[in-house]
Amino acid sequence: MNLTLKIWRQKNASDKGKLVDYLINDVSPDMSFLEMLDVLNDKLITDGDEPVAFDHDCREGICGMCSLYINGEAHGPDRGVTTCQLHMRKFTDGDTIYIEPFRAKAFPVIKDLVVDRSAFDRIQHAGGFISVNTSGNTQDANSIPISKHAADEAMDAATCIGCGACVASCKNSSAMLFVGAKVSQYALLPQGQVEAADRVLNMVKQMDEEGFGNCTNTGACEIECPKGISLENIARMNTEYLKASLKG
Amino acid sequence: MGGFFKSSIGRKFAMALSAFFLMFFLLQHFAINFTSVFSGETFNEVSHFMGTNPLIQFVLQPILIFGVIYHFVMGIILELQNRNARQISYAKNNGGANSTWMSRNMIWTGLAILAFMGLHFYDFWFPEINTKFIEGDWSGLHDGEFRYYHELQEKFLSPVRVGLYVLAFVFLALHLLHGFNSAFQSVGANNKYTRGLKLFGKLYAILIPLGFVVIALYHHFNHNH
Ligand code: HEM
Ligand code: SF4
Ligand code: FES
């Protein structure tokens, strides 16, 4: 199929940037979206032009590196997939496709479609962990009884890959789905209890400092999240935060 | 606890608390107005009680005023902050693919309600304050009879005013269709036990504004006969 791509090009962080049109022919419906961009880049390089910079790593939906706002949706029109798992068969011959970087003040553009998501790393460093003794006497996790329900919910929260689609989709650029998932995955488990109050207070504080917006419960994040992280995690974070604030 | 209300989650929480208060107020306001449909006398008595009871006038009314002001001032502040969190907007954004129109336009439906409240205060609240606090008349009487029901009927004579009221309640319904459940989510109530609440929220959001519309139309058409 033949497509018109409108791609955001921006030389560096301080460049103003603009959408540039590219025509691409003979795209196979079996290609992934990123393979389609690889083909475009091959052509640009052959022609002596600057290739389009975009993020990617595993290309199998597990690392959270790929991004892109495709035709007005994070990770494109498909549900429950990352951009690397999106296939060209979701588009039709003759389509015009807008390809933009994830937009948020807290995710500044580095180049073209590549944005800096290290704000998420800083939130994780603020409390998204448990402290364990690794001296060799570490208790086997399986010796701690955990209900099936709690284990399932914690596992669901832990599938968040930190891609930032939630922020990109949110009209408020709120990071609460990501932070909600990271708080929940520990709040649901006995191992997470000791540091629970500090964790949620510190992570939310960092989140606010990074300049993300405020959740107004539109639910866009949940729909666009490639891992189906549920809004219940934000509700859980809110109660955890209230509990922690009342304590301290 | 100090930093709580400065944090994003704390503000969400406070926003939801003010909204709960407003939704509760709306319910009792509706209940009182509804009496006017079947008994002018009952409406008069309840209105007089509400208008002269010291607990309501000097404790609950100031709380209500604070709640309303807090809600829309905070609503506007949060909206501005949220806009600021994305400085370059998308060239193409398909908001309808992942969220409802109501959830994306809370500020506009909210501002429409605010505009309506201006009219509503001009109609009922300012005259009431004038009679009671400036003229010092707490009797609730006009020509020896309770004045409330009569004043109500007078107001709803004008088709323009009735039209504006109906329109305002459409905006209120839109605001609440998102707002009701949003408020529960904000205070952390979203789990398998709260599913039934979603339906209740939709019913509240539609039926209460609809009820107000029915009352306004009833008085408009009933008085002409
Ligand atoms: C009696 C009138 C009103 C009622 C019953 C009401 C109700 C609600 C409810 C239930 C929420 C959700 C709270 C939450 O998510 O935490 C909300 C949010 C909001 N309201 Fe109101 N509201 C009223 C008037 C207003 C007015 C006058 C404004 C003026 C600007 C306004 C603006 C907002 C905004 C901006 C939000 C936040 C957006 C969101 O949470 O999605 N509201 N309101
Ligand atoms: S919550 Fe979903 S959309 Fe947000 S970072 Fe995690 S995986 Fe990505
Ligand atoms: S490249 Fe790893 S998730 Fe897409």
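Below, chain A is the first sequence line, B the second, and so on; all start at residue 1. Computed from heavy atoms alone, side chains included, the values below leave out hydrogens, waters and symmetry copies.
Ranking Ser173(A), Gly213(A), Ser169(A), Gly219(A) against chain B, the residue ahead of the rest is Ser173(A), based on heavy-atom pairs under 4.5 Å. Note on Ser174(A), Cys170(A), Gly17(A): by heavy-atom pairs under 4.5 Å with chain B, the leading option is Cys170(A). In terms of heavy-atom pairs under 4.5 angstrom with chain A, the leader among Lys92(B), Arg83(B), Met102(B), Gln81(B) is Lys92(B). The choice from Met176(A), Lys6(A), Arg236(A) that makes the most heavy-atom pairs within less than 4.5 Å of chain B is Met176(A). Interface remark: of the candidates Leu201(A), Asp208(A), Thr239(A), Val204(A), Asp208(A) forms the most heavy-atom pairs closer than 4.5 Å to chain B.
Closest heavy-atom contact between Phe4(B) and Ser245(A): CD1-OG, 3.3 Å.
Taking 4.5 Å as the heavy-atom cut-off, the residues of residues 89-100 of chain A that approach chain B are Tyr98(A), Glu100(A), ordered by number. Proximity to chain B at a heavy-atom threshold of 4.5 Å picks out Arg103(A), Ala104(A), Lys105(A) from residues 103-121 of chain A, in numerical order.
Side chain to side chain, Asn217(A) and Ser186(B) meet the donor-acceptor criterion of an N or O pair below 3.5 Å.
Looking at Ala244(A), there are no atoms closer than 4.5 Å to chain B (heavy atoms on both sides), in backbone or side chain. Contact annotation for Asn84(B): both backbone and side-chain heavy atoms come within less than 4.5 Å of a heavy atom of chain A.
One distance of note links CE of Met237(A) with CD1 of Ile9(B); it measures 4.0 Å at 0.5 Å rounding. The structure places OH of Tyr90(B) at 7.0 Å from CZ of Phe102(A), a figure rounded to the nearest 0.5 Å. If you take CZ on Phe13(B) and CG on Leu242(A), they are separated by 4.0 Å, rounding to the nearest 0.5 Å. Distance check, rounded to the nearest 0.5 Å: CG of Asn214(A) to CG of Leu78(B) gives 5.0 Å.
Between the Arg86(B) side chain and the Phe212(A) main chain, no donor and acceptor come within less than 3.5 Å of each other. Side chain of Asn98(B) to backbone of Glu224(A): no donor-acceptor contact under 3.5 angstrom is found.
Within the 4.5 Å cutoff, side-chain heavy atoms of Met207(A) are placed close to those of Ser8(B). With a 4.5 Å cut-off on side-chain heavy atoms, Met106(B) and Thr216(A) do not count as touching.
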